[in-house]
Amino acid sequence: MSLDQMMEDEDARTNLIVNYLPQSMSQDELRSLFSSVGDVESAKLIRDKVAGHSLGYGFVNFVNPSDAERAISTLNGLRLQSKTIKVSYARPSSDMIKDANLYISGLPRTLSQPELEDMFARYGHIINSRVLVDQASGLSRGVAFIRFDKRAEAEDAVKHLNGHTPPGSSEPITVKFAANPNQARNSQMMSQMYHGQSRRFGGPVHHQAQRFRFSPMSVDHMSGGGGVSGNSSSGWCIFIYNLGQDADEAILWQMFGPFGAVVNVKVIRDFNTNKCKGFGFVTMTNYEEAAMAIHSLNGYRLGDKVLQVSFKTSKGHK
DNA sequence: CGACGGGACGC
DNA sequence: CGACGGGACGC
């Protein structure tokens, strides 16, 4: 047996994962709480890598397995502020358990959480699941999350159940990997933050040096030809090509926000992998600001790629 | 060298 | 209800 395996076996009986911690709880407070049960070898609060705020969960490794066991029985379900914490054994660390959270939509509104798990259980070990309900009515929204133990199990579930119509239903369900919470939030809420951005992306500076790059419909070439999509009430839709696969909504806000009123941004991702397909859209309210953004950002180098930025062409056209 | 989306992402 | 994968004296 390897040293890694021995240590893993040790950890399996002493290392706990603690979920649903209150936002304000610090790593010291986490350690302190669990020290009331026994000697804590280590306590780690997981934080956002860049922003540094708590992600609401952490790991506590005890010295003695018996204390870890007691911590589960005495602290699991403890109410702290508005939260009820969950204390359970941490699975051995592995990259196979990462990114195993699925997002399911189009579910029958009558489907309960146990029934949902029954549908998915054959593809692997379910760590947790949740059916989202409408706040006002308390009724199912037909949307759920399921976290599998292993990513491969989740992949298997996507493969078999995406597009599948449950017995007694008329509608196929969608099963895909869940976006991470940061990603999901960016599409809403950030519509206020395009003020105060630095000149990192040029900003609405006049007479900026131009980079000449091919763009089928950049403002420079826009005279005759194909229909530029929607002005009207929705604003001006801009097509951004050559984004990297990890591009997110935040980067689009950051790039276009300085040029004016941005009403919407969207990174187009592969349905299953959630990786960017290389392009996205930004809608801006005012033509002049959209034109300035296109003029300035077409040819902009983002990471190792040179962006092509233009008004979106009409649907169905290349 | 690749090229234009589209329901819902946490009660 | 609610953010489940860090860091690890290594290449």
Side-chain angles (χ1 to χ4, degrees), chain A residues 4 7 11 15-23 27 42-49 53-61 79-86 88-107 113 127-145 147-149 151 171 173-174 176-188 214-217 226 228-229 234 237-243 264-269 271 274 277-281 283 305-306 308-318:
Chain A
D4 277 356
M7 294 179 66
D11 273 11
N15 196 24
L16 305 180
I17 184 167
V18 188
N19 289 291
Y20 312 127
L21 293 168
Q23 183 56 233
Q27 182 163 291
S42 64
K44 176 77 184 180
L45 180 69
I46 305 307
R47 301 175 179 280
D48 181 279
K49 281 194 185 76
H53 57 263
S54 167
L55 293 184
Y57 68 96
F59 297 89
V60 176
N61 199 8
R79 287 162 42 141
L80 291 176
Q81 295 163 44
S82 60
K83 305 280 193 166
T84 302
I85 69 169
K86 179 184 176 187
S88 53
Y89 288 111
R91 291 167 285 158
S93 181
S94 148
D95 59 353
M96 299 191 323
I97 68 177
K98 295 169 66 174
D99 301 322
N101 197 24
L102 294 182
Y103 172 83
I104 300 105
S105 58
L107 291 166
Q113 189 207 24
I127 298 300
N128 63 15
S129 70
R130 174 157 296 126
V131 175
L132 303 190
V133 299
D134 177 77
Q135 181 144 28
S137 66
L139 297 175
S140 167
R141 294 167 52 195
V143 170
F145 291 90
R147 183 183 311 280
F148 277 97
D149 183 30
R151 184 170 56 252
E171 192 190 354
I173 64 172
T174 293
K176 56 185 282 196
F177 280 87
N180 59 57
N182 300 319
Q183 209 171 67
R185 251 185 294 253
N186 282 333
S187 339
Q188 334 162 1
F214 172 70
S215 178
M217 287 296 288
V228 170
S229 96
S234 52
C237 190
I238 298 166
F239 174 61
I240 301 95
Y241 180 70
N242 217 17
L243 294 168
N264 186 46
V265 302
K266 179 88 177 165
V267 170
I268 305 306
R269 297 185 172 84
F271 197 79
N274 272 322
K277 290 167 77 171
F279 63 97
F281 300 92
T283 305
K305 296 186 186 313
V306 175
Q308 292 168 25
V309 182
S310 63
F311 283 110
K312 182 186 187 297
T313 59
S314 43
K315 184 159 40 170
H317 187 277
K318 277 199 211 184

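Throughout, protein chains are lettered first and strands after them, A, B, ... in sequence-line order, and every chain is numbered starting at 1.
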**Report entry** Separation of atom OH in A:Tyr20 from atom C1' in C:dA3, rounded to whole Å
**Finding:** 8 Å
Query raised in the report: Less than 3.5 Å between a donor and an acceptor, one on the side chain of A:Asn61 and one on the base of C:dG6, is that the case here?
Result: no
**Report entry** Euclidean distance for C1', C:dG10 against B:dC4 (whole angstrom)
**Finding:** 46 Å
Query raised in the report: What nucleic acid atoms does A:Ile240 come within less than 4.0 Å of, heavy atoms only: base, sugar-phosphate, or nothing?
Result: nothing
Query - Gap between atoms OH and P, on A:Tyr89 and C:dG5 respectively (whole Å) - result: 21 Å
Requested in this report: Report which part of the nucleic acid A:Ala90 touches: base, sugar-phosphate, or nothing (heavy-atom distance under 4.0 Å, all strands).
Outcome: base
**Report entry** All ring pair (Phe, Tyr, Trp, His ring centres under 6.0 Å) counterparts of A:Tyr103, not counting sequence neighbours
**Finding:** A:Phe145
Report task. Kindly say whether A:Asp95 contributes a backbone atom to a donor-acceptor pair with the side chain of A:Arg151 at under 3.5 angstrom? Result -> yes
Requested in this report: Compare the minimum distances between each of C:dC4, B:dG10, B:dA3 and the side chain of A:Leu132, then state the nucleotide with the smallest one.
Outcome: B:dG10
Requested in this report: Would you please name every residue forming a salt bridge (Lys or Arg N to Asp or Glu O under 4.0 Å) with A:Arg269, sequence neighbours left out?
Outcome: A:Glu249
Report task. Please name all residues satisfying side-chain contact (heavy atoms from CB on, under 4.5 Å) with A:Asp48, sequence neighbours left out, ordered by chain then number. Result -> A:Val50, A:Ala51, A:His53, A:Leu55, A:Asn182
Query raised in the report: Looking for any heavy atom pair under 4.0 Å, which part of the strands does A:Asp95 touch: base, sugar-phosphate only, or nothing?
Result: nothing
**Report entry** Interatomic distance, A:Asn242 CG vs B:dC4 P [rounded to whole Å]
**Finding:** 13 Å
Query raised in the report: At under 4.0 Å, does any side-chain N or O of A:Asn19 touch on OP1 or OP2 of C:dC4?
Result: yes
Query raised in the report: Can you check whether A:Tyr241 stacks with the B:dG2 base, using ring centres under 5.5 Å and planes within 30°?
Result: no
Report summary line: To the nearest 0.5 Å, atom CD of A:Gln23 lies from atom CD of A:Gln81 at 10.0 Å
Report summary line: Which of B:dG10, C:dG6, C:dG5 is nearest the side chain of A:Asn101? It is B:dG10
Query raised in the report: Would A:Phe145 pass as stacked on B:dG10, i.e. its ring centre under 5.5 Å from the base's six-membered ring centre and planes under 30° apart?
Result: yes
**Report entry** Any residue meeting side-chain hydrogen bond (donor to acceptor under 3.5 Å, both in side chains) with A:Arg91, in chain and number order, not counting sequence neighbours
**Finding:** A:Asp149
Query raised in the report: What interatomic distance, in whole Å, is found between P of B:dC9 and the corresponding atom of C:dA3?
Result: 15 Å
So which protein N/O to nucleotides 7-9 of chain C N/O distances come out below 3.5 Å?
{"from": "C:dG7", "atom 1": "O6", "to": "A:Ser93", "atom 2": "OG", "distance (Å)": "2.3"}

Query raised in the report: When we call it a touch if two heavy atoms are under 4.0 Å apart, what does A:Gly280 touch: a base, just sugar-phosphate, or nothing?
Result: nothing
Query raised in the report: Is A:Lys83 close enough and on-axis enough to A:Tyr20, meaning under 6.0 Å and within 45°, for cation-pi?
Result: no
Report task. Please tell me if the side chains of A:Arg130 and A:Asn128 come closer than 4.5 Å, counting only heavy atoms from C-beta onward. Result -> no
Report summary line: Sorted by chain and residue number, the side-chain contact (heavy atoms from CB on, under 4.5 Å) partners of A:Asn15 (sequence neighbours excluded) come out as A:Asp11, A:Phe59, A:Asn61, A:Ala90
Query raised in the report: For the pair made of CG in A:Asn264 and P in B:dG6, what is the distance, rounded to whole Å?
Result: 13 Å
Report summary line: note: A:His53, atom NE2; C:dA3, atom C1'; distance rounded to Å ~ 9 Å
Query raised in the report: Can you find an N or O donor on one side and an acceptor on the other, under 3.5 Å apart, linking the side chain of A:Arg47 with the base of C:dG6?
Result: no
Report task. Pick the C1' atom in B:dG5 and in C:dA8, then give their distance to the nearest Å. Result -> 43 Å
Query - First of A:Ser105 and A:Phe279 reached from the 5' end of DNA chain B, by closest nucleotide - result: A:Phe279
Requested in this report: Determine the contact category for A:Lys277: base if any of its heavy atoms lies under 4.0 Å from a base atom, sugar-phosphate if only primed atoms, P, OP1 or OP2 are that close, otherwise nothing.
Outcome: nothing
Report summary line: Between NZ of A:Lys266 and P of B:dG5 the distance, given in whole Å, is 12 Å
Report task. Quick one: label A:Lys83 by what it contacts on the DNA or RNA (base, sugar-phosphate, nothing), any heavy atom closer than 4.0 Å. Result -> base
Requested in this report: Grab the CG-P distance between A:Leu243 and B:dG2 for me, whole Å please.
Outcome: 18 Å
Query raised in the report: Side-chain N or O of A:Arg147 less than 4.0 angstrom from OP1 or OP2 on C:dC4?
Result: yes
Query raised in the report: Is there a stack between A:Tyr57 and C:dG5, judged by ring centres under 5.5 Å and planes under 30°?
Result: no
Report task. Mind checking A:Gln81 for me? I need base, sugar-phosphate or nothing, with any heavy atom below 4.0 Å counting as a touch. Result -> nothing
Query raised in the report: What is the nucleic acid contact for A:Asp48, judged by heavy atoms within less than 4.0 Å: base, sugar-phosphate only, or nothing?
Result: nothing
Report task. Provide, to the nearest angstrom, the distance between the NZ atom belonging to A:Lys86 and the C1' atom belonging to C:dA3. Result -> 13 Å
